[in-house]
**Student:** 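Sharing a structure, written as structure tokens. Questions coming.
In this chain, numbering begins with 1 at the start of the sequence shown. Note that the structure is a prediction, hence the values are computed from the model and not measured.
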Amino acid sequence: VCVVALVGFVMLCISYQPDEKTCVQFTVKLMYFLLSALALVACVLAVAFAAHHYLQMTKFTCDTILDSCQCKLDTADPLSRTFIYQDTADCDSLTSALNLYLLLQMVLNLIAALVCLSACFVMWKHRYQVFYVGIRFYPLTASEGHQEKV
């Protein structure tokens, strides 16, 4: 996302030529579009990753043992995965802080994904959906097209 922002600033510094007549302008626009699409995919994956871990954290049962917090998904299963957080006095504050961080990460990555999606949409629309103003819907007649000067 940071690289996309830097390429966007470079694109602002290049003087605009109509119809992309410069190779540099075309290359920067193409790179901006491809990097925005890649950042969009990365942000969506980050949201999915954080959401998966958030759902996992809500199912944890945590116990304070000595100076650590041990969390398990399924307490009845002896082979279930155990997460141990060292030097933690209060398990409730740890799990609530982790849940808050994961929610914050989901929201921020979702905002970044929407920004990247809008950048891709604007670039796509600018390139492939050009609307012309002033197109006639009726054909020119011979008398209108070839009027002689007297």
Side-chain angles (χ1 to χ4, degrees), residues 1-62 68-75 77 79-147:
V1 175
C2 293
V3 174
V4 173
L6 290 174
V7 172
F9 285 131
V10 169
M11 196 166 61
L12 283 174
C13 294
I14 296 174
S15 61
Y16 180 75
Q17 297 289 326
D19 299 327
E20 297 173 351
K21 291 186 179 181
T22 62
C23 183
V24 174
Q25 182 179 350
F26 175 75
T27 305
V28 170
K29 280 186 176 183
L30 180 65
M31 189 170 37
Y32 184 73
F33 180 77
L34 292 176
L35 287 173
S36 293
L38 183 67
L40 172 65
V41 170
C43 288
V44 168
L45 286 175
V47 169
F49 181 80
H52 170 71
H53 284 283
Y54 179 78
L55 288 176
Q56 224 176 17
M57 288 283 296
T58 58
K59 296 175 185 173
F60 277 171
T61 52
C62 298
S68 66
C69 181
Q70 294 184 1
C71 298
K72 280 189 169 189
L73 281 173
D74 186 13
T75 55
D77 185 12
L79 297 176
S80 72
R81 190 169 178 186
T82 303
F83 299 93
I84 299 173
Y85 300 99
Q86 299 290 334
D87 299 327
T88 305
D90 188 16
C91 285
D92 292 333
S93 65
L94 174 77
T95 55
S96 64
L98 286 176
N99 283 338
L100 180 66
Y101 292 149
L102 287 171
L103 280 174
L104 183 64
Q105 183 180 4
M106 282 189 286
V107 169
L108 291 176
N109 280 312
L110 185 63
I111 290 170
L114 291 174
V115 168
C116 291
L117 178 66
S118 65
C120 289
F121 176 74
V122 167
M123 292 295 289
W124 187 267
K125 185 174 174 125
H126 176 71
R127 177 74 177 124
Y128 293 109
Q129 293 183 357
V130 179
F131 297 104
Y132 297 100
V133 177
I135 294 178
R136 291 183 166 197
F137 292 107
Y138 55 90
L140 287 172
T141 60
S143 62
E144 288 178 338
H146 298 288
Q147 292 180 356

**Student:** To check you understand the geometry: which heavy-atom pair defines the closest contact between D92 and T95, and what is its length?
**Tutor:** O-OG1, 3.1 Å
**Student:** According to disulfide bond (SG atoms under 2.5 Å apart), who are the partners of C91, at least two apart in sequence or on a separate chain?
**Tutor:** C69
**Student:** Sequence neighbours left out, what passes side chain to side chain contact (heavy atoms under 4.5 Å, CB included) with A119? Give chain and number order.
**Tutor:** Y32, S36
**Student:** Could you pull out all residues at least two apart from F60 that satisfy ring pair (Phe, Tyr, Trp, His ring centres under 6.0 Å)?
**Tutor:** F83
**Student:** With rounding to the nearest 0.5 angstrom, report the CG to CG distance, N99 to L104.
**Tutor:** 12.5 Å
**Student:** For the backbone of C116 and the side chain of S118, can you confirm whether one donor and one acceptor N or O come within less than 3.5 Å of each other?
**Tutor:** no
**Student:** Working to the nearest 0.5 angstrom, can you tell me the gap between M31 CE and L38 CG?
**Tutor:** 13.0 Å
**Student:** Output all residues satisfying side chain to side chain contact (heavy atoms under 4.5 Å, CB included) with L98, sequence neighbours left out; order by chain, then residue number.
**Tutor:** M57, Y85, L94
**Student:** Once rounded to the nearest 0.5 Å, what's the spacing between atom CG of L35 and atom CG of L6?
**Tutor:** 10.5 Å
**Student:** Going from CG on L102 to OG1 on T58, what distance comes out if it is rounded to the nearest 0.5 angstrom?
**Tutor:** 10.5 Å
**Student:** Does any part of the side chain of I84, heavy atoms only, come nearer than 4.5 Å to the side chain of T82, both counted from C-beta?
**Tutor:** yes
**Student:** Can you list everything that forms a side chain to side chain contact (heavy atoms under 4.5 Å, CB included) with H52? Sequence neighbours excluded, please.
**Tutor:** Q56
**Student:** OH of Y54 to CD of Q105: how many Å apart, nearest 0.5 Å?
**Tutor:** 13.5 Å
**Student:** State, yes or no, whether a side-chain contact exists between K29 and M123 at a heavy-atom distance under 4.5 Å.
**Tutor:** yes
**Student:** Applying disulfide bond (SG atoms under 2.5 Å apart), name anything that partners C62, two or more places apart in sequence or on another chain.
**Tutor:** C71
**Student:** Can you tell me how far the CG atom of L114 sits from the CG atom of N109, to the nearest 0.5 Å?
**Tutor:** 11.0 Å
**Student:** For D87, check side chain to side chain contact (heavy atoms under 4.5 Å, CB included) against everything at least two apart and list the hits.
**Tutor:** D67
